[in-house]
2 protein chains.
Amino acid sequence: MSKRENVTADILKQTIAILKAEGSSGVTMRQVANKTGITLSNLQYYFPDRTKLFQAMCEFFFRQCEKTILSELSTINVNDRASTNGFIKKLLEMLIVDGINDYDHSIFRELWALMLRDKELAETVHRFYRNYANWLVQLISQFTPCPEKVVSLLIPYADGYEIMGADLPLERNAIVEMLSEIISQMTRKK
Amino acid sequence: MSKRENVTADILKQTIAILKAEGSSGVTMRQVANKTGITLSNLQYYFPDRTKLFQAMCEFFFRQCEKTILSELSTINVNDRASTNGFIKKLLEMLIVDGINDYDHSIFRELWALMLRDKELAETVHRFYRNYANWLVQLISQFTPCPEKVVSLLIPYADGYEIMGADLPLERNAIVEMLSEIISQMTRKK
DNA sequence: ACCTGAACACCGTTCAAGT
DNA sequence: ACCTGAACACCGTTCAAGT
């Protein structure tokens with residue numbers, strides 16, 4: 001790793017840490033520089049303005065995400081290949097998460113807001129979602145004849161549930177049950 | 001309306017306008033004061049700090065939202081009472097919206113981020129979602145024996161779809177079709 | 001009760017200057 | 001190629017002072 005790569009990786013890690021802890025308004029150029037242990041001017045040498053820093057942070061974040069997700073998905077694949085029902089349940093338990101459990105979800109929420117005012121960052125987020133959808137389709141295609149339907153149902157639902165799932169008339173268990181039924185009906189029918 | 005009510009309403013309207021146009025980082029105390037035509041100090045008399053301004057803005061925004069939604073829902077109710085299928089389609093067309101069409105959705109995205117760092121604002125958002133879910137349950141209960149299921153499926157899905165629906169393997173029409181089938185199967189079964 | 005302006009520490013960005 | 005510090009206009013907040 002070149003010096004440039006090392007320094008920028010440090011900067012982006014600190015940026016993500018601050019974003020997670022304090023939100024996008026907490027990510028100031030001076031704060032990032034301080035936590036990284038460099039001067040403001042030096043930070044600006046690597047990232048000439050705040051927008052560029054956010055864009056790079058976004059790409060860095062998704063590179064990490066992709067590693068995590070791919071290893072999680074491969075885990076599920078090995079253990080539960082046997083039964084279709086067990087597989088679906090495992091997948092649902094993984095995807096349908098309460099907003100309180102935030103580990104990386106808070107960063108997604110910040111990105112959804114930042115997307116509105118930064119087209120390049122928005123394209124990075126959309127690219128991630130397209131990749132994510134493709135992986136899921138590929139994984140699920142072993143278990144159902146309509147993986148595109150299942151994925152098109154689950155990904156948006158998981159994002160929305162994370163925001164306001166706690167305010168729904170049904171409890172999480174009932175919702176997982178409902179989704180499980182919907183998917184097995186889809187799978188049976190065709 | 002008292003003077004206080006008039007001034008605060010003006011302030012909050014301008015706050016929402018700026019939030020929609022420039023995002024939460026664009027909502028500065030000085031900018032809000034300028035657009036409202038009052039001094040910074042005077043704005044601070046009505047809203048002692050930025051957090052209080054955001055909280056009041058959030059409540060004001062949802063009061064407007066509730067009016068809009070209730071009138072939209074009553075419209076759907078009158079025209080399509082006749083056929084259950086027609087009613088569901090109308091409802092889906094209303095709820096499943098692409099992120100590009102943003103009218104008020106951009107404000108929701110900002111609020112989802114602000115919720116993470118302001119518990120009072122978060123409670124206001126959750127209260128809105130609970131009300132929204134209750135109205136939908138009530139409206140839908142005429143057409144299906146399991147309105148809680150339908151609502152618990154549709155609201156999170158609509159929020160998630162607005163963010164990343166464009167990145168799914170299925171087109172919007174196919175998705176509306178899929179959801180329509182799912183709901184009519186739910187309705188038939190019981 | 002309502003409104004004002006000065007002053008504080010902090011912010012992003014620019015720039016001329018160093019190695 | 002990499003790093004620095006001073007200076008700019010802007011920010012939220014505090015405060016003492018007015019009507």
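Naming: A, B, ... by sequence-line order, numbering from 1 per chain. Heavy atoms only: backbone and side chains are in, while hydrogens, waters and symmetry mates are out.
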Tell me what [X] touches on the nucleic acid: a base, only sugar-phosphate, or nothing, going by heavy atoms under 4.0 Å.
| X | answer |
| --- | --- |
| B:Ile38 | nothing |
| B:Asp49 | sugar-phosphate |
| B:Arg50 | sugar-phosphate |
| A:Val32 | nothing |

Please determine, by modelled atom types, if A:Tyr129 and A:Asp159 share a side-chain donor-acceptor pair under 3.5 angstrom. yes

Would you kindly give the [atom1]-to-[atom2] distance between [X] and [N], to the nearest whole Å?
| X | N | atom1 | atom2 | answer |
| --- | --- | --- | --- | --- |
| B:Lys52 | D:dT13 | NZ | P | 10 Å |
| A:Leu43 | C:dG12 | CG | P | 9 Å |
| B:Glu22 | D:dC11 | CD | P | 10 Å |
| A:Asn34 | C:dC10 | CG | C1' | 12 Å |
| B:Arg30 | C:dG5 | CZ | P | 13 Å |
| B:Met29 | C:dC11 | CE | P | 18 Å |
| A:Ile11 | D:dC2 | CD1 | C1' | 12 Å |
| A:Gln44 | D:dA7 | CD | C1' | 13 Å |

Can you tell me if [X] touches the phosphate of [N], counting only side-chain N or O atoms and a distance under 4.0 Å to OP1 or OP2?
| X | N | value |
| --- | --- | --- |
| A:Asn42 | D:dC2 | no |
| B:Tyr46 | C:dA1 | no |
| A:Tyr45 | D:dC2 | yes |
| A:Lys3 | D:dC3 | yes |
| B:Arg4 | C:dC2 | yes |
| B:Ser41 | C:dG5 | no |
| B:Thr39 | C:dC3 | no |

Does the side chain of A:Tyr45 come within less than 4.5 Å of A:Arg4's, by heavy atoms? yes

So which atom in A:Val151 and which in A:Pro156 form the shortest heavy-atom distance, rounded to 0.1 Å? O-CD, 4.0 Å

Taking pairing as Watson-Crick or G-U wobble with both contacts under 3.5 Å, can you name the mate of D:dG12, or confirm there isn't one? C:dC8

Using purine N1 to pyrimidine N3 plus N6-O4 or O6-N4 for Watson-Crick, or N1-O2 and O6-N3 for G-U wobble, each under 3.5 Å, what pairs with D:dC3? none

Using the P atom as the point on both nucleotides, what is the distance between C:dA17 and D:dC2, in whole Å? 22 Å

Can you list the steps and then say if A:Glu181 with A:Arg188 is a salt bridge (Lys or Arg N to Asp or Glu O under 4.0 Å)? CA-CA 10 Å; A:Glu181 269 187 44; A:Arg188 248 180 272 140; over 6 Å; no

Do side-chain atoms of A:Arg172 reach the backbone of A:Gly165 as a donor and acceptor pair under 3.5 angstrom? no

May I ask you to decide if the ring planes of A:His105 and A:Phe108 are parallel, tilted or perpendicular, using 30° and 60° as cut-offs? tilted

